[in-house]
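All heavy atoms count here, side chains included; hydrogens, waters and symmetry mates do not. So that the names make sense, note that chain A is the first sequence line, chain B the second, and so on, each numbered from 1.
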There are 2 protein chains.
Amino acid sequence: MIHSKKTTKRDWVGSAGSHDHRVCIVDALDKAAALCSQRGARLTQIRRRVLELIWSNHRPIGAYSILEVLKKERTNAAPPTVYRALDFLLKQGLVHRIQSQNAFIGCPNPDPNLQHTGTFLICTDCGNAVELEETKIDRLLEISASNQGFVIESRTIEAAGLCTDCQVN
Amino acid sequence: MIHSKKTTKRDWVGSAGSHDHRVCIVDALDKAAALCSQRGARLTQIRRRVLELIWSNHRPIGAYSILEVLKKERTNAAPPTVYRALDFLLKQGLVHRIQSQNAFIGCPNPDPNLQHTGTFLICTDCGNAVELEETKIDRLLEISASNQGFVIESRTIEAAGLCTDCQVN
DNA sequence: TTATTAATTGTTATAGTATAACATTTATGA
DNA sequence: TCATAAATGTTATACTATAACAATTAATAA
Ligand SMILES: [Zn+2]
Ligand SMILES: [Zn+2]
Ligand SMILES: [Zn+2]
Ligand SMILES: [Zn+2]
């Protein structure tokens with residue numbers, strides 16, 4: 001089963017309330033296939049499967065957690081198997097790296113052209129991470145940087161705290 | 001010798017031009033001593049030395065690089081020696097962790113009361129990292145978060161790119 | 001001072017994250 | 001089909017971080 005119907009505290013509930021996560025997964029895989037095809041990049045079986053595993057839920061997942069599952073399906077799976085797939089997915093902008101956790105999360109809105117860097121709200125209780133569209137913060141950071149003569153190439157913005165659901169208790 | 005006089009490309013040059021880094025070190029150690037004393041926290045020899053090593057320059061330094069030096073001075077030095085010192089220094093807000101590098105850097109302006117989280121510009125060429133005072137970005141991030149009902153407890157903001165000096169070439 | 005307790009450091013082992021290097025297989029296009 | 005490039009297999013190892021328990025040192029009370 002892809003998704004349990006029973007909603008526990010550790011399941012993800014978006015700002016618009018509970019959701020059918022199967023849609024998230026299908027959506028992400030469809031977008032990935034389209035983007036890769038358009039770019040002439042090969043979304044191989046391994047890469048696709050790794051992306052799917054990353055999209056198991058909305059919590060960042062570590063490389064070795066992915067490997068654990070992958071091993072059950074491919075006797076050959078080893079660390080490089082996963083890290084190579086991750087490198088590909090990162091380069092294609094299909095997943096983001098969560099630096100504060102050495103973990104990876106799917107990008108819900110991969111850029112057709114560039115690979116953007118995301119801004120994340122990460123709940124310390126349920127573990128879910130939400131990616132924000134934060135052009136304002138990006139621009140402000142860019143300005144602060146240019147005041148120092150610094151030219152930004154990529155950024156990591158990760159906020160840890162409590163999501164709506166987890167504040168209740 | 002603490003600091004070479006010859007300024008190479010890999011030396012740090014602040015926005016106000018080249019500087020005497022010995023002042024940075026003395027300053028940092030003095031502030032640390034004052035803060036710890038004020039808090040009743042013990043800045044032991046090891047902790048002080050680790051802080052000093054972190055302040056060797058303005059580049060984030062890894063725990064095992066610190067260990068390498070420390071070992072020459074204390075036969076006993078082992079990973080926990082360094083990580084415990086780092087834990088202390090982090091808790092006292094005297095150093096920051098650079099998540100994107102699994103490395104540590106001294107805080108030039110430790111908060112007397114709280115331990116703040118820094119905003120960093122990190123040069124991909126020379127490796128130097130500058131900490132910004134970015135209340136505006138923090139506030140903007142806070143607003144974006146609260147729009148989602150999210151309450152931030154800590155943040156990681158790290159921008160990678162080229163500093164003024166390193167753009168020239 | 002001395003005994004008691006708490007904090008720090010020593011020591012060994014191991015967990016967790018990531019990449020190097022080279023061999024083999026699979027896909028692609030001439 | 002053959003040559004080439006891309007992807008995957010395979011083994012080993014480097015790098016980062018913590019667990020667990022012992023020994024030592026510092027702080028505090030008796
Ligand atoms: Zn979902
Ligand atoms: Zn939560
Ligand atoms: Zn300096
Ligand atoms: Zn630079």
Side-chain angles (χ1 to χ4, degrees), chain A residues 32-33 36-54 59-92 94-105 127 156 158, chain B residues 32-33 36-54 59-92 94-105 127 156 158:
Chain A
C36 286
S37 154
Q38 170 192 321
R39 290 169 180 166
R42 291 172 50 202
L43 187 65
T44 63
Q45 226 182 4
I46 295 180
R47 291 163 175 175
R48 196 191 125 93
R49 181 62 178 135
V50 168
L51 180 59
E52 192 178 30
L53 289 175
I54 289 174
R59 292 190 287 275
I61 184 173
Y64 280 78
S65 297
I66 295 170
L67 179 57
E68 215 175 306
V69 180
L70 211 59
K71 265 183 170 165
K72 294 175 189 165
E73 305 166 359
R74 308 188 138 249
T75 333
N76 293 331
T81 316
V82 173
Y83 280 102
R84 283 165 180 160
L86 287 171
D87 283 347
F88 173 86
L89 296 171
L90 286 166
K91 198 184 294 179
Q92 298 299 327
L94 299 171
V95 311
H96 292 295
R97 184 188 172 81
I98 300 296
Q99 303 280 13
S100 56
Q101 296 184 13
N102 292 329
F104 305 86
I105 191 166
T156 294
E158 297 169 17
Chain B
C36 286
S37 154
Q38 172 190 322
R39 291 168 179 166
R42 289 171 53 203
L43 188 63
T44 62
Q45 227 182 3
I46 295 180
R47 291 165 176 174
R48 197 190 125 95
R49 181 62 178 138
V50 168
L51 180 59
E52 191 178 29
L53 290 174
I54 290 174
R59 293 190 286 276
I61 184 173
Y64 280 78
S65 298
I66 296 170
L67 179 57
E68 216 175 305
V69 180
L70 211 58
K71 264 183 171 165
K72 293 173 188 164
E73 306 166 357
R74 310 189 137 247
T75 334
N76 292 331
T81 314
V82 174
Y83 280 102
R84 284 165 181 161
L86 287 171
D87 283 347
F88 173 85
L89 296 170
L90 285 166
K91 197 183 294 182
Q92 297 299 326
L94 299 171
V95 312
H96 292 294
R97 182 188 175 84
I98 301 296
Q99 302 280 12
S100 56
Q101 296 183 14
N102 291 329
F104 305 86
I105 191 166
T156 294
E158 297 170 18

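To the nearest 0.5 Å, the span separating CZ on B:Arg48 from CG on B:Leu53 amounts to 11.0 Å. Note that the CZ atom of A:Arg42 and the OG atom of A:Ser37 stand 13.5 Å from one another [nearest 0.5 Å]. One finds the CG atom of A:Leu94 at 6.0 Å from the CG atom of A:Leu51 (value rounded to the nearest 0.5 Å). Once rounded to the nearest 0.5 Å, the distance linking CZ of A:Phe104 with CD1 of A:Ile98 reads 9.5 Å.
Residues from residues 36-47 of chain A with heavy atoms under 4.0 angstrom of DNA chain C, sorted by number: A:Arg42. Contacts between residues 77-86 of chain A and DNA chain C, defined by a heavy-atom separation below 4.0 Å, involve A:Pro79, A:Pro80, A:Tyr83, A:Arg84, listed by number.
Distance, B:Leu67 CG to D:dA17 C1': 12 Å, rounded to whole Å. Rounding to whole angstrom units, CD of residue B:Glu68 and P of D:dT16 are separated by 11 Å. Between A:Tyr64 atom OH and D:dC15 atom C1' the separation is 11 Å, expressed in whole Å. Going from atom CG of A:Asn76 over to atom P of D:dT10 covers 4 Å, rounded to whole Å. Spacing between atom CZ of B:Arg74 and atom P of D:dT25 amounts to 11 Å, rounded to whole angstrom units.
Closest approach of B:Gly127 to B:Pro60, counting heavy atoms only: O-CD, 3.3 Å.
Counted by atom type alone, A:Arg97 and A:Gln99 present one or more donor-acceptor pairs between their side chains at under 3.5 Å.
Remark: side-chain polar atoms of B:Glu158 are paired, donor with acceptor, to backbone N or O of B:Ser100 under 3.5 angstrom.
Taking A:Arg49 as the reference, A:Glu52, A:Glu73 meet the side chain to side chain donor-acceptor pair (under 3.5 Å) condition, with sequence neighbours excluded.
Read 5' to 3', the first and last nucleotides of DNA chain C with an atom closer than 4.0 Å to a heavy atom of chain B are C:dA7 to C:dT12.
At the heavy-atom level, A:Arg97 lies under 4.0 Å from the strands shown only through sugar-phosphate atoms.
Other residues, nucleotides and ligands contribute only 12 or fewer heavy atoms inside 6.0 Å of the CD atom of B:Gln45.
Applying the side chain to side chain donor-acceptor pair (under 3.5 Å) definition to pairs two or more places apart or across chains, those involving residues 77-92 of chain A are A:Arg39-A:Gln92.
An OP1 or OP2 oxygen of D:dA17 is reached within less than 4.0 angstrom by a side-chain nitrogen or oxygen of B:Asn102.
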N/O donor-acceptor pairs under 3.5 Å from side chains in residues 61-71 of chain A, not counting sequence neighbours:
none

